[in-house]
Amino acid sequence: MVSLTAPYVSGFLAFREVPFLLELVQQLREKEPGLMPQVLLVDGNGVLHHRGFGVACHLGVLTDLPCVGVAKKLLQVDGLENNALHKEKIRLLQTRGDSFPLLGDSGTVLGMPTGQPSPSLSQALRSHDRSTRPLYISVGHRMSLEAAVRLTCCCCRFRIPEPVRQADISSREHIRKSLGLPGPRTLRSPKAQRPVACPKRDSGESSGGAPSPQRQADRTTPGGRRSTAQHQVGQR
DNA sequence: GCGACAG
DNA sequence: ATCTTGTCGC
């Protein structure tokens with residue numbers, strides 16, 4: 001269990017979560033090196049970021065592990081917009097694995113002018129046949145966008161890649177068992193709501209024939225927090 | 001008032 | 001992220 005102190009500010013997610021993710025990787029490295037994953041699926045963006053360097057890039061550089069940014073919402077940056085045109089493109093993704101490149105209008109890659117058609121470093125991906133909502137995959141560290149998209153898709157039993165999904169589920173369970181037991185909403189009684197604690201405000205992989213390369217994700221802060229005035233409770 | 005808003 | 005309301009499939 002960890003206690004997050006830095007507030008969540010869009011564009012600065014890494015400053016809030018990376019210290020804890022890094023510590024986990026380091027502990028794994030010294031205590032269970034055999035379980036060290038070959039790649040990390042990070043709940044957040046890689047280069048699809050205001051400054052081209054999201055949490056997946058931070059963690060990748062600090063751990064020297066290949067990282068993939070897996071976001072559930074489009075970070076509208078560099079001219080990218082979740083507008084009608086974008087939604088139409090999403091609608092055209094027919095089956096799992098279908099994707100399209102997200103190309104900003106800056107004409108730069110990682111902030112460096114190319115003077116050439118900029119290669120996309122992120123894509124919208126339909127990860128499952130049964131889910132219309134896409135995943136926004138972006139290069140984090142030491143992996144091509146193509147490999148990142150394929151790997152992510154191969155990890156999807158449902159919309160969210162299993163490593164991220166399982167981390168999410170277990171972390172929420174851990175929080176539920178420690179702090180009160182809000183438990184998942186039953187959806188039974190329409191009027192069963194807990195009192196509000198806080199009034200307002202605060203308010204490179206498949207080498208060899210050995211399949212099953214990656215595993216382990218990182219995924220951090222679940223939801224639990226929001227009790228005192230700002231933020232606490234992390235997990236794992 | 002309205003749009004944005006990775007988690 | 002969290003919260004609501006509503007729909008659909010198993």
Side-chain angles (χ1 to χ4, degrees), chain A residues 2-21 40-60 67-84 86 102 104 121-125 128-140 148 152 157-161 164-165 167-169 171-172 175-176 179-180 182-203 217-236:
Chain A
V2 300
S3 293
L4 297 161
T5 55
Y8 164 68
V9 179
S10 178
F12 298 87
L13 181 64
F15 296 92
R16 170 179 164 81
E17 307 189 348
V18 137
F20 304 99
L21 299 177
L40 300 178
L41 297 192
V42 184
D43 197 338
N45 292 300
V47 298
L48 177 52
H49 181 265
H50 302 73
R51 268 118 9 236
F53 209 76
V55 65
C57 299
H58 280 249
L59 190 61
C67 284
V68 179
V70 182
K72 296 178 287 298
K73 294 175 183 174
L74 173 66
L75 183 56
Q76 303 188 149
V77 65
D78 193 25
L80 293 173
E81 276 188 293
N82 184 192
N83 53 26
H86 179 79
L102 298 170
L121 291 177
S122 55
Q123 296 210 321
L125 164 73
H128 196 279
D129 286 329
R130 295 269 301 284
S131 180
T132 294
R133 303 176 58 193
L135 273 148
Y136 294 96
I137 309 303
S138 57
V139 168
T152 299
R157 181 178 173 188
F158 300 109
R159 180 195 172 219
I160 306 300
V164 175
R165 182 169 165 270
D168 233 335
I169 292 175
S171 63
R172 287 172 194 288
I175 286 179
R176 183 177 61 75
L179 313 184
R185 301 288 315 207
T186 307
L187 189 56
R188 273 273 186 272
S189 53
K191 277 294 176 276
Q193 184 165 345
R194 284 192 302 147
V196 186
C198 254
K200 246 301 189 179
R201 188 63 280 290
D202 35 275
S203 37
D218 71 271
R219 219 276 108 153
T220 307
T221 165
R225 82 209 76 188
R226 174 185 281 327
S227 51
T228 305
Q230 292 147 339
H231 25 47
Q232 21 265 119
V233 189
Q235 87 298 355
R236 201 174 308 30

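Small disclaimer: the values here were computed from a predicted structure and weren't measured. Residue numbering restarts at 1 for every chain, and letters A, B, ... go by the order of the sequence lines.
- Atom pair A:His50:NE2 and B:dA4:P shows a separation of 13 Å (rounding to whole Å applied).
- Distance check on atom C1': B:dG1 versus C:dT7 gives 32 Å, rounded to whole Å.
- Residue contacts shown for A:Val77 are absent, as no nucleic acid heavy atom lies under 4.0 Å away.
- Checking A:Phe20, A:Phe53, A:Phe12 one by one against A:His58, the ring pair (Phe, Tyr, Trp, His ring centres under 6.0 Å) holds for a single residue, A:Phe53.
- Using a 4.5 Å heavy-atom cutoff, the side chains of A:Phe158 and A:Arg130 are not in contact.
- Between A:Leu75 and A:His50 the shortest side-chain heavy-atom distance falls below 4.5 Å.
- Side-chain contact between A:Arg159 and A:Lys72 is present, with heavy atoms from C-beta onward closer than 4.5 Å.
- Between the CG atom in A:Asn45 and the CG atom in A:Leu74 there is a gap of 8.0 Å [rounded to 0.5 Å].
- Counting any heavy atom pair closer than 4.0 Å across all strands shown, A:Phe15 reaches no nucleic acid atom.
- In this entry the distance linking CG of A:Leu74 with C1' of B:dA6 reads 10 Å, nearest Å.
- We find that CD of A:Glu17 is positioned 12 Å from P of B:dA6, with the value rounded to whole Å.
- At whole-Å resolution of the value, CG in A:Asn45 and P in B:dG7 are 7 Å apart.
- For A:Lys72 and C:dA1, the shortest distance from a side-chain N or O to OP1 or OP2 is below 4.0 Å.
- Across the protein-nucleic acid pair, A:Leu48 atom CG and B:dA6 atom C1' stand 8 Å apart, rounded to whole Å.
- For A:Asp43, the side-chain atoms get nearest to B:dG7 when compared with the rest of B:dG7, C:dT2, B:dC5.
- Residue-nucleotide stacking is not present for A:Tyr136 and B:dA6, judged by a side-chain ring centre under 5.5 Å from the six-membered base ring centre and planes under 30° apart.
- With sequence neighbours left out, A:His49 forms a ring-ring contact (aromatic ring centres under 6.0 Å, His included) with no residue at all.
- Looking at DNA chain B, no stem turns up: there is no run of 3 or more consecutive Watson-Crick or G-U wobble pairs with key distances under 3.5 Å.
- Atom CG in A:Asn82 sits about 12 Å away from atom P in B:dA6, given to the nearest Å.
- Across all strands shown, A:Gly11 has heavy atoms under 4.0 Å from base atoms, whether or not it also approaches the sugar-phosphate.
- Atom name C1', nucleotides C:dC3 and B:dC5: the rounded distance is 16 Å, in whole Å.
- With rounding to the nearest 0.5 angstrom, the CG atom of A:Leu80 is 6.5 Å from the OG atom of A:Ser122.
- Between the C1' atom of B:dG7 and the CG atom of A:Leu135 lies a distance of 14 Å, rounded to the nearest Å.
- Taking side-chain N and O atoms only, A:Arg16 has no distance below 4.0 Å to OP1 or OP2 of C:dA1.
- Atom P of nucleotide B:dG3 and atom CG of A:Leu75 are separated by 19 Å, given to the nearest angstrom.
- Taking the C1' atoms as reference points, B:dA4 lies 15 Å from C:dA1, given to the whole Å.
- Side-chain contact between A:Leu41 and A:Pro161: present, with at least one pair of heavy atoms (C-beta onward) separated by less than 4.5 Å.
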